[in-house]
Student: 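Sharing a structure here in structure tokens format.
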Amino acid sequence: MQRNIYDEDHEAFRDVVKEFLKRHASTEKREQWERDGEVDRATMLAAGEQGIIGLSVPEEFGGAGMLQDYRFRAVVNEEVIGAGLGSLAGAFGIQDDLAVPYLVHMGTPEQKQKWLPGMATGEVLGALAMTDPGAGSDLRGVTTHAKKVDGGYLLNGAKTFISSGKTADIVVTFVKTGEGNRPDAFSLLIVENGMEGFEHGKKLSKMGFHGWDTAELSFSDVFVPDENLIGGKEGMGFIQLMMNLPLERLSIGVAAAAAAEAAFGWTLEYTKNREAFGQPVADFQNTRFRLADMATTVDVMWAYIDRAMELYRAGELSPEEAAKVKFWATEREWEVLDQGVQLHGGYGYITEYPIARAFLDARVHRIYGGTNEVMREIVARAVTGRK
Amino acid sequence: MKIVVLLKEVPDTYGDRKLSLETGLADREASERVVDEIGERALEVALSYADAHEGTEVTVLSMAPEGATASVRKGLAMGAASATHVVDEGLIGADLGLTAEVLAAALKAEGYDLVIAGNQSTDGMAGMVPAMLAELLEVPVLANLSEVTIDDGRVSGVRASDDATMQVQAELPAVISITEALPDARFPNFKGIMAAKKKPLEVKSLSDYGIDANDMTASRSIMLSVAERPPRAAGVKITDEGDAAQKLAAFLAENRLV
């Protein structure tokens, strides 16, 4: 179904992304990222040069100023994921959707000036650390603690499952600065690479996203200066996180739709070319019906997500609408990818084929960004009015 | 210093390229339309000179159908300061002579010190336009350069032929054409795309230059008929049963190939 949210600027930008992938994201590069478990910095800098990252950084700091308009980011996701490069799409997404927004929306003028220009170019990469080993979706259970000392904080604790945690130069870290688990007991601190007592644990070995790093972080008496407290005011961390969650969830929905669309394309191509029992697999009725299902699902996904992007642009995407998008889109993505793998037969299980990689990448979409169960809770609370 | 770069929109070289059997023209809907890569390289030559030499003005000139605006704009997004797009119904199917005449008129109208073009387009592949242009403009042409140096008031370079390498140079104003040996072109970035929207893009027609496409006193190539190439017939397969050499020789002789 024809989509109508893009104009000629987006299409011109799509060509930029395609050309970038042609020049900087060969199969050899992807294999290198998978061996290293991370995207190399040169590639991130090249992306900064073309304006493929830094889209959410305001123009005054050298970015594109598109934080409130997700369409350019959606184009990046469509093209990068469509090229079978989920890990690269993930690395781009962390920068623009999860790290930059905290500085743009809540950073002090000094914090913006210090970090945003580098985040537009890729010289400064960011990550967001919310999850403790003992608390994930249940954020108020976070125990990583920052004690107020003269001129700053003394940070102790650990974070885990931190996407881009190893490659990031700065980590926006959710910490406890008060007593109990009231919302105002938490703050966001910017922890910088090289601060004494800040250690990267081992890079976690994951089911999917093999070319994108996920790390454990540990903090032992890390001194974080006052000027690294996001917004300059203590106790705002919970509210700050809540403010950006709709974007984070929308971004996962967009990635899910991009992956589903790509999976349909790969499967269509494969089944037309692969023969079984003397005819193309695409000519068997079962295949035809499945392809029809997949194509329709992808259309409906985009219709819904395009609408969510428009709401977001208007500043009207509520947390529960974003939660609906996240759980619904990632579950449709899973169905489409699973079907795609099945129609690829044995090749669908071979990671040389993009469908296999995308399938492995997709599984975490139902988990991270808030599990789909938590998403349903958020929606249920809104629709029933009961906690 | 003003450098004008000629850009051509062509069917994607890597796509399905087709001629329309009704009109004999390239079927522009059959594949994606892109800026000819050799033209992008020509623009790169101009832009890298401009990067190093303040006060250099780089503009692009394109003769292309109405729908080619996005391609012309790409030149602006890459870094050219302004663009001229010549569009006219009368130019559909224009031959080399008419193309050169139009481009020469446009160049005379806007002024130039140096014109840079690709050595040949990937669709027409004639490779004649730069020389024809220079003839009409009465300026020197250095064609097929694999190296280019632009100095104050002069352009020089290297032209490689099958059995010699020539050092060539010309006083400006001049026309040059470059080969694929020149570096890959830069590609636009987000800011370039946004900036391109604000750059001047002038659309001109034949009447602006006082050119009559149907002027019968000029010699023009006209397409008389077009037909699909017949499918290749199957070849003859010779199985070696000890007499393959004789059979091959007989085949060649029979077809007057030896």
Side-chain angles (χ1 to χ4, degrees), chain A residues 6-26 43-67 69-77 79-80 82-83 92 95-96 100 116-117 119-122 269, chain B residues 7 9-16 28-29 31-41 43-44 47-48 51 60 62 64-80 83 85 122 180 182-199 201 203:
Chain A
Y6 297 131
D7 62 32
E8 60 189 27
D9 292 342
H10 301 101
E11 296 313 323
F13 182 65
R14 187 182 297 282
D15 289 339
V16 169
V17 181
K18 282 184 183 165
E19 186 65 33
F20 172 85
L21 294 174
K22 212 154 86 185
R23 296 192 190 198
H24 298 284
S26 61
T43 301
M44 298 301 282
L45 288 169
E49 177 81 32
Q50 299 311 133
I52 291 169
I53 57 170
L55 284 165
S56 60
V57 174
E59 285 177 280
E60 55 184 308
F61 299 110
M66 291 290 162
L67 178 52
D69 183 349
Y70 201 73
R71 292 177 295 173
F72 286 98
R73 284 278 309 125
V75 167
V76 172
N77 269 315
E79 292 306 318
V80 179
F92 289 167
Q95 181 81 341
D96 267 294
V100 166
L116 286 175
M119 296 185 90
T121 61
E269 184 72 22
Chain B
L7 283 191
E9 188 185 76
V10 296
D12 189 353
T13 319
Y14 303 101
D16 214 4
R28 291 179 183 270
E29 302 312 317
S31 67
E32 217 177 318
R33 289 172 292 165
V34 299
V35 179
D36 201 348
E37 199 226 326
I38 196 72
E40 291 186 359
R41 268 179 220 265
L43 181 54
E44 179 62 40
L47 292 173
S48 33
D51 288 345
V60 297
S62 191
E66 212 167 343
T69 315
S71 289
V72 180
R73 217 172 267 291
K74 187 178 180 192
L76 297 175
M78 285 171 72
H85 178 187
T122 50
E180 280 183 339
L182 270 298
D184 277 339
R186 67 194 65 188
F187 63 114
N189 61 18
F190 182 87
K191 282 177 197 154
I193 290 171
M194 291 304 167
K197 289 164 57 176
K198 296 179 190 127
K199 291 180 178 175
L201 194 168
V203 178

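Just so it is clear: chains get the letters A, B, ... in the order the sequence lines come, proteins before strands, and each one is counted from 1.
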Student: How long is the span from the CZ atom in B:Arg73 to the CG atom in A:Asp9, to the nearest 0.5 Å?
Tutor: 9.0 Å
Student: Find the one option among B:Ala196, B:Ala77, B:Gly192, B:Ala185 whose heavy-atom pairs under 4.5 Å with chain A are most numerous.
Tutor: B:Ala185
Student: Mark yes or no for whether B:Lys191, through its side chain, and A:Gly62, through its backbone, hold a donor-acceptor pair below 3.5 Å.
Tutor: yes
Student: A quick test of your reading: do over 12 heavy atoms of other residues, nucleotides or ligands sit less than 6.0 Å from CD of A:Glu8?
Tutor: no
Student: Start with the C-alpha distance between B:Phe190 and A:Gln50, add both sets of side-chain angles, then the distance that settles side chain to side chain contact (heavy atoms under 4.5 Å, CB included), and finish with yes or no.
Tutor: CA-CA 6 Å; B:Phe190 182 87; A:Gln50 299 311 133; over 6 Å; no
Student: Compare every heavy atom of B:Asn189 with every heavy atom of A:Glu49, then report the nearest pair and how far apart it is.
Tutor: O-ND2, 3.0 Å
Student: Can you tell me how far the CD1 atom of B:Ile193 sits from the NE2 atom of A:His10, to the nearest 0.5 Å?
Tutor: 10.0 Å
Student: Determine the option with the most heavy-atom pairs under 4.5 angstrom with chain B, choosing from A:Glu59, A:Arg23, A:Glu19.
Tutor: A:Arg23
Student: Can you tell which part of A:Phe20 gets under 4.5 Å to a heavy atom of chain B, answering side chain, backbone, both or neither?
Tutor: both
Student: With a 4.5 angstrom heavy-atom cut-off, is it the side chain or the backbone of A:Ile52 that approaches chain B, or both, or neither?
Tutor: neither
Student: Nearest 0.5 Å, please: how far is CZ in A:Phe72 from CE in B:Met194?
Tutor: 3.5 Å
Student: Measure distances from B:Lys74 to the heavy atoms of chain A and classify the residue's part below 4.5 Å as side chain, backbone, both or neither.
Tutor: neither
